[in-house]
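This report refers to the structure that appears directly beneath it.
Ligands are counted one by one from 1 in listed order, and the atoms in each one are counted from 1 as well.
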Amino acid sequence: MPRFRTLDDLQVKGKRVLVRADLNVPMKNGKVTDTSRIDRQAPTIRELSEKGARVIVLSHFERPKGKVVPSMSLKPIAPALSKAVGKPAAFADDCVGDKAKAAVKQLKNGDILLLENTRFHAGEEANDPDFAKQLASLGDIYVNDAFSAAHRAHASTEGLAHLLPSAAGRSMQAELEHLIRALGDPVHPVMAVVGGAKVSTKIELLTNLLTKVDVLVIGGAMANTFLAAEGRNVGKSLYEEGELDTARNILTAATDAGTVLILPSDVVVARELKEKARHRTTDVFGVKDDEMILDVGPATVEEFSRRLLTTATLVWNGPLGAFETPPFDQGTAAAAKAAAARTVEGGLISIVGGGDTVAALNRAGVADEFTYVSTAGGAFLEWLEGKTLPGVAALEQGN
Ligand code: 3PG
Ligand code: MG
């Protein structure tokens with residue numbers, strides 16, 4: 001367990017507490033379309049406010065690259081934040097300088113203030129010491145609640161932890177506790193499911209997981225590269241010709257590590273990727289030249305479900321098929337339902353992360369039944385790769 005302080009260790013009454021949140025939420029026409037991240041971070045802000053802190057919220061939003069980009073303002077997020085916290089949140093047009101200072105000065109105990117996008121300043125991503133100092137001057141204590149931005153060594157995610165007494169917020173704490181439960185010190189047998197399109201973006205992840213888990217299930221278009229590496233005809237399927245050797249090396253490494261690696265035994269194929277496209281199910285030996293693999297088949301899901309009965313901990317990242325285009329969402333949905341049911345029965349600890357994966361589980365209507373759903377994308381992947389996340393490391397060092 002990493003060692004860092006939590007809100008339990010802080011005396012915050014009357015103090016100015018800088019909370020790094022991740023309010024980088026999806027928006028359409030000025031409205032937040034998915035409030036998951038805001039909802040997860042609201043408890044930290046509410047708790048600090050209830051304890052009498054003057055809460056100053058910092059966040060990035062999208063990638064303005066060090067310039068003021070009006071469409072990337074955090075201003076429209078303030079009402080959504082207020083709603084989630086259940087208290088008004090003021091907004092300041094800048095995160096440093098006179099505007100920020102004046103807004104902070106007006107705060108009374110329990111008040112909440114959201115500052116403008118930290119990435120409007122180049123010093124944020126550069127982790128510039130002067131910029132970090134300007135941010136630090138606004139607060140007495142630093143609380144990092146943005147696990148999903150912890151893979152970035154930026155001024156507000158990393159630099160600040162070296163300048164102010166620091167602690168993890170409740171959402172950061174929950175993310176770390178669950179990820180440690182999944183891979184740090186898990187109850188075995190552990191099964192990992194890795195899907196998605198490309199082997200090339202997940203080599204480190206697969207290599208790291210092989211040494212940590214007992215069973216590794218590979219799905220999604222990435223499985224096609226493995227099937228091709230094993231000499232199967234994958235027809236017109238999306239696959240990476242340049243990664244066949246990588247796939248072979250991973251298969252060998254699995255054997256060496258004594259990890260069971262499961263590839264699809266049957267697949268759903270079609271001639272085009274389109275909603276309701278004509279499709280059929282075949283075993284992996286029966287794919288024709290003009291067909292592409294778009295999902296795992298029922299026998300593969302069946303094997304996964306059977307293995308769940310002897311699995312204690314499940315870690316899942318990446319859909320098993322082209323889940324955005326029904327009916328090729330069926331494999332992912334069926335596997336998700338099986339894992340959810342097993343979790344609800346009490347037989348499984350299930351931990352899921354990554355944007356696409358969470359979207360797929362939401363579509364299947366079972367996200368709430370998993371033990372823990374991470375709100376992180378890139379940070380979750382880097383954690384699965386076994387990397388040290390700078391935002392987390394800085395919190396530990398701050399103690
Ligand atoms: C995310 O959306 O994954 C986080 O907010 C990090 O955003 P970034 O990839 O722009 O750093
Ligand atoms: Mg993003």
Side-chain angles (χ1 to χ4, degrees), residues 19-28 32-42 44-45 57-69 71-74 76-78 80-81 84 95 114-128 131-132 135 143-161 168-169 171-172 174-176 178-179 196-198 201-202 204-205 316-319 351-362 367 372-385 387-395:
V19 178
R20 179 44 158 106
D22 184 350
L23 304 177
N24 189 23
V25 291
M27 295 243 290
K28 212 173 185 176
V32 178
T33 55
D34 177 6
T35 60
S36 311
R37 278 188 178 165
I38 302 183
D39 296 341
R40 289 288 183 89
Q41 306 203 317
T44 294
I45 295 167
V57 182
L58 296 169
S59 178
H60 72 285
F61 186 71
E62 295 186 346
R63 296 176 176 171
K65 302 209 156 44
K67 288 195 200 73
V68 176
V69 178
S71 65
M72 295 180 192
S73 170
L74 275 172
I77 307 282
L81 184 65
C95 66
L114 172 63
L115 301 181
E116 182 58 287
N117 196 344
T118 50
R119 288 189 187 169
F120 281 181
H121 293 267
E124 164 71 338
E125 293 191 57
N127 202 357
D128 173 57
F131 179 70
L135 289 174
V143 168
N144 190 350
D145 208 24
F147 175 78
S148 48
H151 56 319
R152 309 289 181 212
H154 296 171
S156 71
T157 61
E158 203 274 349
L160 273 178
S171 166
M172 172 72 90
E175 291 273 1
L176 291 173
H178 285 96
L179 291 183
K198 289 185 173 171
T201 58
K202 292 199 178 167
E204 283 177 83
L205 185 152
W316 187 339
N317 174 263
I351 293 166
V352 188
D356 276 359
T357 323
V358 177
L361 299 194
N362 279 330
Y372 192 73
V373 178
S374 174
T375 58
F380 186 77
L381 290 181
E382 290 198 21
W383 177 278
L384 294 187
E385 286 169 357
K387 290 195 180 136
T388 304
L389 306 183
V392 174
L395 279 184

Backbone or side-chain N or O of Asn24 under 3.5 Å from ligand 1 N or O: yes

Polar proximity ligand 1 side, Asp22 side, N/O cut 3.5 Å exclusive: yes

Which segment of Glu125 sits under 4.0 Å of ligand 1 when only heavy atoms are counted: neither

Which of the ligand 1 atoms, numbered from 1, are nearer than 4.0 Å to a heavy atom of Arg152: 8 (P), 9 (O), 11 (O)

Euclidean distance, Asp128 CG relative to His121 NE2, rounded to 0.5 Å: 11.5 Å

For Arg63, the ligand 1 atoms whose distance to one of its heavy atoms is below 4.0 Å: 8 (P), 9 (O), 10 (O)

Test side chain to side chain contact (heavy atoms under 4.5 Å, CB included) applied to Arg119 and Met72, Arg63, Lys65, the passing residue: Arg63

Residues Thr157 and Glu124: side-chain donor-acceptor under 3.5 angstrom: no

Within 6.0 angstrom of Lys387 NZ, more than 12 heavy atoms from elsewhere: yes

Close approach of Ser148 to ligand 1, heavy atoms, under 4.0 angstrom: yes

Geometric class of the Phe147/Trp383 ring pair [parallel <30°, tilted 30-60°, perpendicular >60°]: perpendicular

Pairing residues for Thr357 by the side-chain hydrogen bond (donor to acceptor under 3.5 Å, both in side chains) criterion, not counting sequence neighbours: none

Atom indices of ligand 1 within 4.0 angstrom of Arg119 heavy atoms, with elements: 8 (P), 10 (O), 11 (O)

